[in-house]
Structure formats: C-alpha cells, structure tokens
Amino acid sequence: MRTFDYTRVRGLEETLAALGEPGTQPIAGGTELVNWLKEGIEEPRRLVDINRLPLRDVGFADGVLRIGALARMSDVAADEIVAARFPVLAQSLLLAASAQLRNMASIGGNLMQRTRCPYFRADTAVPCNKRAEGSGCSALHGDTGAAAIFGWSDRCVATHPSDLAVALAALDAVVVVRGERSERRIPASEFIRLPGDEPLRHNELRAGELITAVEVPGGAERSYYLKVRERASYEFAVVSVAAVVRAEGGTLTGVRLALGGVAHRPWRLTAAESALVGVDLGDTTALRSALAASFTEARPLAGNEYKVTLAQRAAVRAIQEAAA
Amino acid sequence: MNQDTRLSLTVNGEEREIEIDPRATLVDALRDRVGLTGTKKGCDRGECGACTVLVDGRRVLSCLTLAVTVGGAEITTIEGLAGEDGEPHPVQRAFLESDAFQCGFCTPGQVLSAVGCIAEGHAGSPDEIREWMSGNLCRCAAYPQIVAAVSKAAVR
Ligand SMILES: Cc1cc2nc3c(=O)[nH]c(=O)nc-3n(C[C@H](O)[C@H](O)[C@H](O)COP(=O)(O)OP(=O)(O)OC[C@H]3O[C@@H](n4cnc5c(N)ncnc54)[C@H](O)[C@@H]3O)c2cc1C
Ligand code: SF4
Ligand code: FES
Ligand code: FES
C-alpha cells in the first residue's frame, strides 16, 4: 500500500476545496476503498475523511424521500418511512453484504463501488481494461459465467454489483452531486456507466465532485427486491430484480422494472414495462411474453446464456411478489 | 519511510496513546500496537467477520477500518466484554455452555457480532439469527451450536 496523508473535514466548502487537489479521495465507510488500497487498485496521495459532514439524515418532505450520502445502509433500511413506503429500497439494502458491513457502508460509497469481476480484483496483475486501459479483457476470453448479457463492449463485459443502485433505478431516483461551482442531478439509472470505449470511467462522478444525497420521488408501497444468489446470505447477486407495480383488481396498471447482475449498470426493462400494462397478474404465460419484449436485445456470452432465462423468471416472480 | 502519527484510541474504556501509520487498519493497530491479540485477522478483506469489534456500540469489521478514522471513538474488543470481577459476559457464557466453537479462531468475532445482533433486536428466532450472523464464517462449521448460543444469550 502506498503512503498517504489523512485529514478530517467538517464542512462542505472545505471538503470540495480539498477534493480539488489532485490525488485526493474521500473516505466514508472504507469498505471498498480500504480493499482497493490493499490491492493497489487505488493509490491516493491524500485521504479526506468525510464522515463528520452533516449528510446522514433520512427524511420525507414534499413527496420526496431524501437520503444523505453518508447515511449508513443499516440505518436507511431500518428507517420507518423507508421500510413502510419503499419496501424495495429497504430489501435491497438488507439483502446486501453483512450486518457489520451495512453498519459501516454509506449510501454514496455503495453507488461508487466497483465491479466484482475476479480479474479486476486479482492481486497479481492480469489483463483488465478497468485496471489498465488497453491491457485487454481477461473475462471475455475466460470465464464469462458472471458476465453481462446487456450493454457490454469488447473492452469489458463486467456487471455492476450494487443492489441499492438497482432499487434506485426502478424508483426513478436521482443522485445529487456537488462540485466546487455547481450541483448536478443525475438519474440513478445512468449514474453507473456502461463500459463502451472508456471502461476506466466506472460512473458519472467527475474529479472533485462529492455525492451529497439521493432523492426518491413518491411512495412505492407495492414493490419488491428479488435477489438470486449462490448462497442464501452474504453474497452478491447472480441476477436481481427490483419491481415497483400498480394494479387494479388483479390487472397491472403500471410497472417499473430494473435488473441487477446483467449489465454494468441497473438495466431498466422499458419495452416490457409498456407491454405489461393491462396484463393479468395471475397469468404467468402473459407476464412471460410481455417480459420477452425486453430480452430480444440480450447478447449472452459463452458461459452466461442461463442468465437470459433466469432473469425473465425472476422478473415474473418479483412482479407477483410486489403486487401481493 | 516512517509516517507515524500520534493517535489516541479508547479501547475497552481505557485511553491508549499510540504511534501509528495512517495506512494501519484497526485490527493491526489493536494487535501490534495496543497489544490486544484477541481480535483475529482471517481474510483481511471484509469477507469472514473474524475481526469484528464494536465501535461506539456498533459491530463493524476492524480489517476494513483505518485506525486513524476511529480516533476518539469507543472501541470494544473481546478482552473488554467480561465484567469487572472477571465474570464472563452472558454471550461468552452461552458460547461455553453450548459448545459453540472448535478451533476458536472465529469465536471472538462471533461473540462480538452476537452482542451486536442481540442489541439490534435481530435474535428472535434461529432463522433470524442465521441471517443476521451470516457475516461471521466458521471454518469448523460450528453453526448449529453458535445459533443455539445466540438464542440462549438473547433471552437472558
Ligand atoms: C464482503 C463484501 C460483500 C458485499 N456485498 C454486497 C452486496 O451484496 N450488495 C451490495 O450492494 N454491496 C455489497 N458490498 C459492497 C458494499 O456495499 C460497499 O463496499 C459499500 O457500500 C461502500 O460504501 P463505503 O461507505 O464503505 O465506501 P468507501 O469505501 O468509503 O468509498 C468507496 C468509494 O466511494 C468514494 N466515495 C465515498 N463516499 C462518497 C461520496 N459521498 N461522494 C463521492 N465519492 C464517495 C470513495 O472515495 C471511494 O472511492 C459488499 C462488500 C464487501 C466487502
Ligand atoms: S470484464 Fe471488465 S473488469 Fe473484468 S477483466 Fe474484462 S475489462 Fe476487466
Ligand atoms: S479479517 Fe476482517 S472480515 Fe475477515
Ligand atoms: S470454531 Fe474454528 S473457525 Fe469457528
């Protein structure tokens, strides 16, 4: 691990000024960053401890839920309004990581986490365009079992592991970021980036910017987060589904769906969302054929065709559970 | 290069002044600088729970905590759980009675995680305990006995 200086900050202006210095990174819960320091994935010259900034509140006002970027995953999941009005959000948090990690990990840090692609996390250097641009992609010609089926490029086929991001995408949430001069509001479904030609750009945050909050409109009482994984707890998703539904008399009148584990960002199923309106909740065959509308563009790799089937079946169940 | 800075840590109610590199994790600071080796280092990557301690009463992983970030906080390790008379903590007693360990390497982390789990109100049933203790792996697979010990301690 390379040496770095450590400073604590208390105010927003002070933080933004500090982040303006090259080689500076904020640290929140440290559950990603400390691993990156150990692996040499990041080598900052200075760490700025942002944990004393007043960005921990969770509150609902004027029809919008606002979550401070430094609120801890465990505290957000336990918040009464979140649990009652945004079940999909609480579930996405409680099904992630472990109790200890959720006590440490912040909402902003969660969205900043990086892929769990084993080649990216390797402790000896192997070709990986997300580690060293131009070095190649070991996964593309290696084990593609965990890789993306949507939105990948020949530069990188990784998926993004955040459960929270998937729930936020289905909820049409907004990520609020502050730079030294201005504030930007980025749709949660676009905050994490597809690899394209720039796999090194993991997300939309620019140098010197700080995530200050996440805003979630309205309520989503009928919603559900389904996480399919290789063991029952303390594991990343193979595939996950966030479903937010409206229904009248057993018929769907509105659906918002996002998938995790299938792309390097939460994958909204917009075509299926339209096709699902008017479909009877008990009619599994009709639900399946409406969902198929969003899977014509799936591009599975050698080892992950199973995800195309798994994701559609999981989506059917998530819709039915959300409406129940 | 020696980059050590002075750090004051409150461990098990006692204030300790140590010299520490900003890169040091809390588990290393506790074991190598404070001299309390009860906290174990398993994976050093946040994956096993062996290094669990309480910081301001919350269970966290000391291998992913930089020691400098908890200056001023109250840290509780396995050495600080027993009562003043040396009487084991109720969770420690339940682990003994239920035979909830074999090699014992994961045990300090299990015990502190169990203290957190019970305080959070997540020890109501065996299923709930299994879910909320899933961050603590046990290579000896003493899981049934661990769940029994946590259940027992929760009702005391
Ligand atoms: C064993 C293990 C299992 C896990 N399982 C899951 C899982 O199942 N699902 C899941 O979703 N996640 C999982 N995680 C990931 C975990 O949720 C993240 O590590 C955590 O949310 C990161 O938050 P943090 O506050 O610790 O971030 P830090 O480690 O402090 O920071 C991470 C990055 O974000 C930057 N950053 C932090 N806060 C801000 C901010 N406000 N503005 C701008 N930049 C910021 C930091 O500079 C750093 O680059 C797991 C992690 C581990 C170690
Ligand atoms: S999939 Fe992406 S992260 Fe994984 S090896 Fe290829 S370039 Fe690296
Ligand atoms: S040593 Fe900290 S979680 Fe394994
Ligand atoms: S008792 Fe041996 S690892 Fe748990």
Side-chain angles (χ1 to χ4, degrees), chain A residues 1-9 25-52 72-75 77-78 91 94-106 109 113 116 121-123 229 231-236, chain B residues 1-5 7 20-28 43-73 109-110 112-114 116-123 127-137:
Chain A
M1 201 189 293
R2 271 240 308 254
T3 55
F4 50 78
D5 292 328
Y6 168 84
T7 36
R8 283 182 182 178
V9 286
Q25 277 213 31
I27 181 164
T31 61
E32 261 290 59
L33 189 54
V34 174
N35 273 337
W36 298 344
L37 298 173
K38 290 178 187 180
E39 304 285 8
I41 292 174
E42 284 293 332
E43 298 188 323
R45 263 176 276 154
R46 182 160 67 139
L47 285 192
V48 173
D49 186 341
I50 56 175
N51 288 299
R52 279 151 196 85
R72 268 36 190 182
M73 289 171 72
S74 54
D75 296 328
Q91 290 157 5
L94 290 178
L95 293 172
S98 68
Q100 292 97 313
L101 285 159
R102 295 192 296 268
N103 276 343
M104 305 171 73
S106 67
Q113 68 178 297
R116 290 276 155 181
R121 302 263 166 177
D123 47 19
R229 42 190 167 171
R231 58 181 181 194
S233 187
Y234 199 17
E235 185 56 281
F236 292 96
Chain B
M1 184 171 50
N2 187 354
Q3 272 229 332
D4 286 6
T5 53
L7 177 69
I20 193 101
D21 187 297
R23 291 172 292 180
T25 55
L26 181 58
V27 63
D28 287 341
C43 65
D44 204 23
R45 292 290 183 279
E47 292 165 4
C48 75
C51 65
T52 302
V53 298
L54 306 181
V55 171
D56 291 332
R58 282 159 74 103
R59 47 176 167 159
V60 301
L61 301 177
S62 58
C63 73
L64 293 184
T65 303
L66 294 178
V68 282
T69 63
V70 290
Q110 299 279 4
L112 283 152
S113 192
C117 181
I118 294 167
E120 293 158 13
H122 292 133
D127 274 349
E128 192 182 19
I129 293 169
R130 271 190 286 274
E131 171 59 27
W132 287 84
M133 290 290 293
S134 71
N136 292 83
L137 307 188

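A, B, ... follow the sequence lines: proteins, then strands. Residue 1 opens every chain.
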Side chain to side chain contact (heavy atoms under 4.5 Å, CB included) for A:Met1 and B:Thr25? Distances and angles first, verdict last. CA-CA 12 Å; A:Met1 201 189 293; B:Thr25 55; 5.6 Å; no
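- In terms of heavy-atom proximity, B:Val68 sits nearest to A:Tyr6 at O-OH, 3.5 Å.
- The closest side-chain heavy-atom distance from B:Arg23 to A:Leu37 is not below 4.5 Å.
- A pairwise comparison of heavy atoms in A:Thr31 and B:Leu64 identifies O-CD1, 3.6 Å as the closest pair.
- For chain A, the nearby parts of B:Thr69 are the backbone and the side chain; heavy atoms of each come within less than 4.5 Å.
- From B:Arg59, atom CZ reaches atom OG of A:Ser98 across 7.5 Å, with rounding to the nearest 0.5 Å.
- Looking at B:Thr5, neither its backbone nor its side chain comes within 4.5 Å of chain A, counting heavy atoms on both sides.
- Only the side chain of A:Arg8 comes within contact range of chain B, judged by heavy atoms closer than 4.5 Å.
- Across every non-hydrogen atom of A:Lys38 and B:Cys63, the tightest pair is NZ-O, 2.8 Å.
- The two residues A:Phe4 and B:Leu66 make their nearest non-hydrogen contact at CZ-CD1, 4.1 Å.
- When atom types are taken as modelled, the side chain of A:Tyr234 and the backbone of B:Glu47 share a donor-acceptor pair closer than 3.5 angstrom.
- Contacts between A:Arg72 and chain B at a heavy-atom distance below 4.5 Å involve the side chain alone, from C-beta outward.
- We find the CG-CG distance between B:Asp56 and A:Asn103 to be 11.5 Å, quoted to the nearest 0.5 Å.
- In this structure, A:Gln100 and B:Ser113 approach most closely via the heavy-atom pair NE2-OG, 3.3 Å.
- For A:Ile27, the part lying near chain B is the side chain, with the backbone staying farther off; criterion is any non-hydrogen pair under 4.5 Å.
- Checked for salt-bridge contact, B:Arg58 and A:Asp75 meet the test: a charged N lies under 4.0 Å from a carboxylate O.
- Pairing each heavy atom of A:Ser233 with each of B:Glu131, the nearest pair is OG-OE1, 3.0 Å.
- Neither the backbone nor the side chain of B:Cys117 comes within contact range of chain A, judged by heavy atoms closer than 4.5 Å.
- The closest donor-acceptor contact from the side chain of A:Asn35 to the backbone of B:Arg45 lies under 3.5 Å.
- When the heavy atoms of residues 43-52 of chain A are compared with those of chain B, the residues falling under 4.5 Å are A:Leu47, A:Asp49, A:Arg52, listed by number.
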Could you check B:Thr65 against A:Met104 for side chain to side chain contact (heavy atoms under 4.5 Å, CB included), going step by step and ending with a plain yes or no? CA-CA 9 Å; B:Thr65 303; A:Met104 305 171 73; 3.3 Å; yes
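- For A:Glu42, the salt bridge (charged side-chain N to carboxylate O under 4.0 Å, His left out) partners at least two apart in sequence or on another chain are A:Arg114.
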